[in-house]
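Source: prediction; values computed, not measured. The analysis underlying the following values was restricted to heavy atoms, covering all of them including side chains, and did not include hydrogens, waters or symmetry mates.
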Amino acid sequence: MATLKEVQSKIVGVKKTRQITSAMKMVATSRLRGAQNNMEAFKPYAGKFAEVLGSIAGKSGEDASPLLVPRDEVKKVALILCTSDRGLCGGFNTNLITKADKFIQSELDGKDVSLICFGKRGRDWARKQPQSIEDEFIGVVGGNVEFSVASSSGQKLIDSFLSGAVDEVYLVYSEFINMARHTPTIKQILPIPSLEEVAQEKEAEKDAEFLPEHICEPSSDALLGEMLPKNIFIQIFDALLQTSTSEHAARMSSMENATKACDDMVGELQTIFNKTRQAGITADLMDIVGGAEALKG
């Protein structure tokens, strides 16, 4: 059985750990509020942009932009992996990395895959893989996400796609649904999925609400050529915002669970401490009684 001093030292250590996890939970909660506000503030713009794009898509053909034309044979694929820079957020990074790894093994087997890593955790994993790292961005996810980062990385991918260096581009990120649920998601961003599907989705929405008819000047094809690259930037930026929000939510939940576990450990150790002290007192009393009986004899 552990001595009183050993149990007391463990109690002190667990209490200090509880202070750290509690402080980290408060920091994550504060950062989560800011990240969620940024994500929700961007939604109206992204929604209106998708609405206008869907309206113009109904007036243009599949050959309106080379970004719409799929390759006859896909040989080279770029995969954008969004993870966090830090740990202590449960299985957040592991789930994203596992999603990307399974996708590479199942869907991209036999193809030349290059990785674009947002986040240190994904970058560290990618360095151990046979796939090459095309680009890496550290200090983006979890902090103040700038649209310029999404636009610069998106423009590089567009240039690679147009030059033939890349045939397809996929995005792996964490879709933020609510505080307790954020799902690893894979989305193809190049070539851009058929605009007919986008137009059909917008037509279906007309049954639920009125959507205005957009007048295009100078032409729908010309506007589409300007809007499609921006659509790539918006999707990457939205993925970074959602991943950042999901990271803070995961860390807040993880630190809350760790704090509760520390409380449980303190309770268990306190019980052991009381039992050990009681056993020591009982042993001392037995020695006193035994000594008294010996003196009487």
Worksheet entry | Expected output: side-chain Ser22 to main-chain Arg18 donor-acceptor under 3.5 Å | no
Worksheet item: Does any pair with a residue in residues 77-86 pass side-chain hydrogen bond (donor to acceptor under 3.5 Å, both in side chains), and if so which ones, sequence neighbours excluded?
Response: Ser84-Asn93
Fill in: N-O pairing of Asp112 and Lys75 below 4.0 Å
no
Discussion item. Keeping Gln188 on the side-chain end and Pro191 on the backbone end, is there a donor-acceptor pair under 3.5 Å?
Written reply: yes
Fill in: Test item: Ser152 side-chain N/O and Val149 main-chain N/O as donor-acceptor pair under 3.5 Å
yes
Worksheet item: Counting only N and O atoms by type, is there a donor-acceptor contact under 3.5 Å from the side chain of Ser244 to the main-chain atoms of Leu240?
Response: no
Worksheet item: Would you say Phe233 and Leu79 are hydrophobically clustered, going by side-chain heavy atoms of ILVMFWY under 4.5 Å?
Response: no
Discussion item. For a 4.5 angstrom cut-off between non-hydrogen side-chain atoms, does Ile158 reach Leu190?
Written reply: yes
Worksheet item: Are any side-chain N or O atoms of Thr183 and backbone N or O atoms of Arg181, one a donor and one an acceptor, separated by less than 3.5 Å?
Response: no
Response to the item:
Of Asp135, Ile133, Leu81, the one forming a side chain to side chain contact (heavy atoms under 4.5 Å, CB included) with Ile116 is Asp135
Worksheet item: How far apart are the closest heavy atoms of Gly87 and Arg121, and which atoms are they?
Response: N-NH2, 3.1 Å
Discussion item. Parallel, tilted or perpendicular: which one describes the rings of Phe147 and Phe237, with boundaries at 30° and 60°?
Written reply: perpendicular
Practice prompt. Using atom types as modelled and distance alone, determine if a side-chain donor or acceptor of Ser9 lies under 3.5 Å from a backbone N or O of Lys5.
Written response: yes
Worksheet item: Looking only at heavy atoms, what is the nearest atom pair of Leu88 and Arg251, with distance?
Response: O-CG, 3.4 Å
Fill in: Flag if over 12 foreign heavy atoms under 6.0 Å of NZ, Lys111
yes
Discussion item. Quick check against the 3.5 Å criterion: does Gln242 have a side-chain atom that pairs as donor or acceptor with the backbone of Phe176?
Written reply: yes
Discussion item. For Arg33, is there any backbone N or O sitting under 3.5 Å from a side-chain donor or acceptor partner on Asn37?
Written reply: yes
Discussion item. Counting only heavy atoms not in Met24 (residues, nucleotides, ligands), do more than 12 fall under 6.0 Å from its CE?
Written reply: yes
Fill in: Which residues share a side chain to side chain contact (heavy atoms under 4.5 Å, CB included) with Val166, sequence neighbours left out
Ala78, Ser160, Val169
Discussion item. Check for me, please, whether Ile189 and Val172 land in the same ILVMFWY cluster - side-chain distances under 4.5 Å, paths through other members count.
Written reply: no
Fill in: For Leu96 against Cys82, the heavy-atom pair lying closest together
CD1-O, 3.0 Å
Worksheet item: Counting only N and O atoms by type, is there a donor-acceptor contact under 3.5 Å from the side chain of Glu107 to the main-chain atoms of Ile104?
Response: no
Fill in: Ring-face cation contact, Phe137 with Arg123, 6.0 Å cut, 45° max
no
Worksheet item: When you look at Asp159 and Gln155, which way does the side-chain hydrogen bond (donor to acceptor under 3.5 Å, both in side chains) test go after all the steps?
Response: CA-CA 6 Å; Asp159 294 340; Gln155 188 60 53; 3.0 Å; yes
Worksheet item: Around atom CD of Glu134, are there more than 12 heavy atoms of other residues, nucleotides or ligands at under 6.0 Å?
Response: no
Worksheet item: Backbone N or O of Thr29 within a donor-acceptor pair of the His248 side chain at under 3.5 Å?
Response: no
Worksheet item: Going by the ring pair (Phe, Tyr, Trp, His ring centres under 6.0 Å) test, which pairs reach into residues 72-106, not counting sequence neighbours?
Response: Phe103-Tyr170
